[in-house]
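What follows is a set of notes on a single structure, which appears directly below.
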Amino acid sequence: MANSLKLPPGPVGTVGQRSVTWVRKNLFNSWFNSLLTLLSIAFVLWIVPPIIEWAFVNSTLTPSIDACRAVTGACWGFINANLRLILFGVYPYDEQWRPLLAMIVLFGVIIASLAGVKYPRMQKLIIPMWVVGIPVIAILMWGGMLGLTYVQNSSWGGLPLTLILSTIGIVFAFPLGLLLALGRQSNMPAIKTLSVVYIEVIRGVPLITVLFMASVMFPLFLPDGVSIDKLLRAQIGIILFTAAYLAEVFRGGLQAVPRGQFEAGDSLGLSYWQSMRLIILPQALRLVIPPTVNSFISMLKDTTLVVIIGLFDLLGAVKLALRSDPAWTRYYVEGYVFAAAIFFLICYSMGRYSAYLEKELRKGERR
Amino acid sequence: MTFPSDNDENSKSNGPAFLQLEKVGKKFGSHTVLDNVSLSLDRGQTMAIIGPSAAGKSVLLKCLAGIYPVDQGNILINGQDISEKQPADQGHWTDKIGMLFQQNALFDSLPIWQNVCFQLIENGTLKRKDARDKAVDLLGLVGLDPDSSKLRPSDLSGGMQKRVGIARAIANDPEILLLDNPTAGLDPVLSNHIENMIETIAKKRMTTVITVTNDMEIARNRYDYLTMMHEGRVYWSGSRNQVETAQNPHLTQMLSGSSQGPIAMRTQNRGQHLVA
């Protein structure tokens with residue numbers, strides 16, 4: 001061919017030469033960027049090696065005080081020795097397979113529900129799974145039937161408590177928040193006022209106060225002999241608190257749906273609830289995925305506050321382990337790092353799922 | 001102000017008309033958007049509504065569709081008053097009304113075929129599979145190919161969205177079809193095609209059609225009746241034949257598109273210095 005196409009000039013030079021070019025172009029392209037690059041390198045060199053030395057090189061996993069005293073780094077032996085206390089709190093030692101199994105069931109149900117986005121066939125199973133799953137978890141945790149010994153819920157603790165409080169919290173706060181958001185937008189004055197007052201009062205109060213009220217003040221108003229379970233009160237407090245925040249998140253989403261969508265629903269003869277369910281909410285909720293997950297993450301972390309009313313969640317159980325033997329008390333950093341790692345893992349997973357969900361639901365609407 | 005309802009040729013028909021508006025008024029707060037609007041149309045008749053922007057044309061359609069309750073007067077369909085009922089109570093009427101919105105108002109969360117047959121699926125008339133076939137047929141009617149049925153509204157161009165909106169409006173074989181600017185943003189060939197289709201629907205299925213349009217050629221050549229609105233009032237209404245001889249300054253200005261005449265932009269002298 002006379003007029004053969006000329007290929008655009010490809011990358012020139014070896015990989016090494018190209019890397020040098022890249023570094024010059026991106027990291028040292030001005031005196032200010034060069035300074036920032038050098039400062040960053042210095043910072044990393046200053047901070048990272050000591051952490052690695054502490055956490056890995058000079059650490060020990062041996063679950064004995066003597067081994068820990070012998071090393072200069074982290075005493076993971078503390079975690080190793082108290083793992084079951086940290087994970088399960090004061091739940092009877094011989095029965096701790098039950099909360100473990102309950103957690104596995106809980107994770108199974110959660111993961112199956114989340115997979116519903118990708119596999120529409122799973123969607124029909126979501127509600128039945130929860131209807132079966134929650135009683136199974138309850139039976140495992142409480143016992144008192146099927147040959148399982150009864151365990152008071154004041155002895156529940158550790159990771160299962162954290163997961164149960166936050167999962168049940170999400171499952172109930174979500175619909176309640178939705179109703180409050182719709183209520184606040186309602187034309188009916190009584191419902192609107194009630195929603196506004198509820199949201200503003202709850203948002204105006206710290207969670208710790210709500211929990212304290214639920215645990216200390218609320219029983220004073222009950223007649224003698226009537227008592228509502230402490231865990232249940234804490235759970236309800238968390239649900240009521242989170243719902244108020246979620247309501248405002250959802251309201252933001254509802255306001256972002258164009259008015260024409262409501263009118264189109266009306267013109268097709270849809271009732272208010274049909275319009276909401278089929279047209280408005282699918283759009284509104286998709287818009288508010290990031291702030292909704294934000295609320296969930298913040299709620300998960302807030303469950304650590306139940307420690308003030310005498311329940312030992314994951315963080316509370318770490319403190320319990322530190323206090324269990326005075327010799328361990330000085331290894332609190334290891335304990336908190338371990339708890340932080342578990343919290344990070346859960347919260348980070350939620351964040352990743354949120355990003356995945358957004359991407360998955362946005363596939364239909366490239367703009 | 002003379003109100004030329006005497007011009008109305010169609011009021012001569014036997015008995016009350018199929019669709020009747022009697023002195024309809026609508027306010028948003030203290031702002032009057034519809035004032036004393038009276039119109040009537042029989043089955044199979046078509047009417048174009050023209051008028052400057054903010055004349056109340058779209059609001060009138062939304063009142064007819066039952067989206068906005070009217071404040072005064074009555075809307076009678078087949079002799080039955082729908083004006084006082086809330087949209088939720090008149091479910092059986094919305095079944096008979098098809099509407100195209102000015103901004104289309106397609107449902108972003110649903111694929112095109114579900115958008116088109118939404119009502120038929122929801123009220124149980126059609127199964128999902130049949131609804132899909134019907135949607136493909138309806139899309140063919142407005143010149144869209146079957147592949148587009150799987151896409152989402154945001155994947156389509158403005159003109160295609162408009163046609164999906166029209167397909168949705170006619171999906172339930174309405175007795176009254178309300179179209180808010182059905183040909184805005186479409187090329188002349190497609191406009192012509194859509195207008196032919198509207199005409200066919202009106203004459204074959206005896207559907208009453210009311211179209212709001214800014215295309216004066218279409219308004220005066222394609223519809224049985226022409227209504228001119230301005231500031232919430234009907235300034236002129238009459239049959240196609242009467243348009244030629246009409247001595248109405250508002251109508252004449254609107255049809256010619258002249259900037260000189262009784263329809264004045266209130267603020268037209270302000271800001272002149274910006275272009276001077």
Side-chain angles (χ1 to χ4, degrees), chain A residues 116-118 120-121 123-124 178 181-183 185-189 191-192 250 252-290 292 357-367, chain B residues 58-59 61-69 85-112 114-123 125 150-156 161 164-165 168-169 171-172 174 176-180:
Chain A
V117 186
K118 190 80 186 172
R121 255 185 246 161
Q123 283 168 11
K124 280 180 201 153
L178 211 49
L182 295 176
Q185 295 218 312
S186 168
N187 295 325
M188 289 175 269
I191 290 180
K192 189 183 168 108
F250 294 151
L254 289 171
Q255 282 173 345
V257 176
R259 204 181 152 65
Q261 299 276 311
F262 290 84
E263 293 181 348
D266 280 350
S267 83
L268 293 177
L270 297 180
S271 71
Y272 174 80
W273 291 108
Q274 276 180 313
S275 254
M276 279 297 160
R277 183 169 59 85
L278 299 163
I279 300 167
I280 309 300
L281 288 181
Q283 299 182 45
L285 294 182
R286 194 190 58 215
L287 288 169
V288 295
I289 289 171
T292 305
L357 194 62
E358 272 182 75
K359 214 174 94 194
E360 202 58 29
L361 295 181
R362 218 188 296 129
K363 271 184 184 165
E365 42 133 18
R366 301 179 299 272
R367 276 181 210 281
Chain B
S58 297
V59 174
L61 288 197
K62 286 176 184 176
C63 286
L64 278 167
I67 294 168
Y68 299 154
K85 292 179 187 160
Q86 291 293 314
D89 309 327
Q90 51 188 32
H92 59 292
W93 277 122
T94 48
D95 277 350
K96 301 187 178 181
I97 291 176
M99 175 148 184
L100 166 73
F101 289 81
Q102 191 166 11
Q103 273 85 24
N104 304 325
L106 300 180
F107 304 137
D108 290 341
S109 47
L110 300 174
I112 298 303
Q114 280 189 34
N115 260 287
V116 171
C117 286
F118 189 85
Q119 195 176 11
L120 297 172
I121 298 171
E122 277 316 306
N123 65 18
T125 313
K150 291 175 214 143
L151 301 174
R152 305 252 167 177
S154 50
D155 296 329
L156 304 183
Q161 287 185 13
V164 174
R168 177 173 73 179
N172 59 339
I176 299 172
L177 188 55
L178 307 168
L179 303 168
D180 202 342

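Chain identifiers are assigned alphabetically (A, B, ...) following the order of the sequence lines, protein sequences preceding nucleic acid strands; residue numbering begins at 1 within each chain.
- Within the 4.5 angstrom heavy-atom criterion, only side-chain atoms of B:Lys62, from C-beta onward, approach chain A.
- Taking each heavy atom of A:Ser267 and B:Phe101 in turn, the nearest pair found is OG-CE1, 3.5 Å.
- The residue among A:Glu263, A:Gln283, A:Gln274 with the most heavy atom pairs within less than 4.5 Å of chain B is A:Glu263.
- In this structure, B:Phe107 and A:Ala264 approach most closely via the heavy-atom pair CE2-CB, 3.7 Å.
- Taking all atoms of both residues into account, the shortest heavy-atom contact from A:Gly260 to B:Ala105 is O-CB, 3.4 Å.
- With a 4.5 Å cut-off on non-hydrogen atoms, B:Leu178 does not touch chain A at all.
- Taken from CZ in B:Arg168 to CG in A:Leu268, the straight-line distance is 5.5 Å, to the nearest 0.5 Å.
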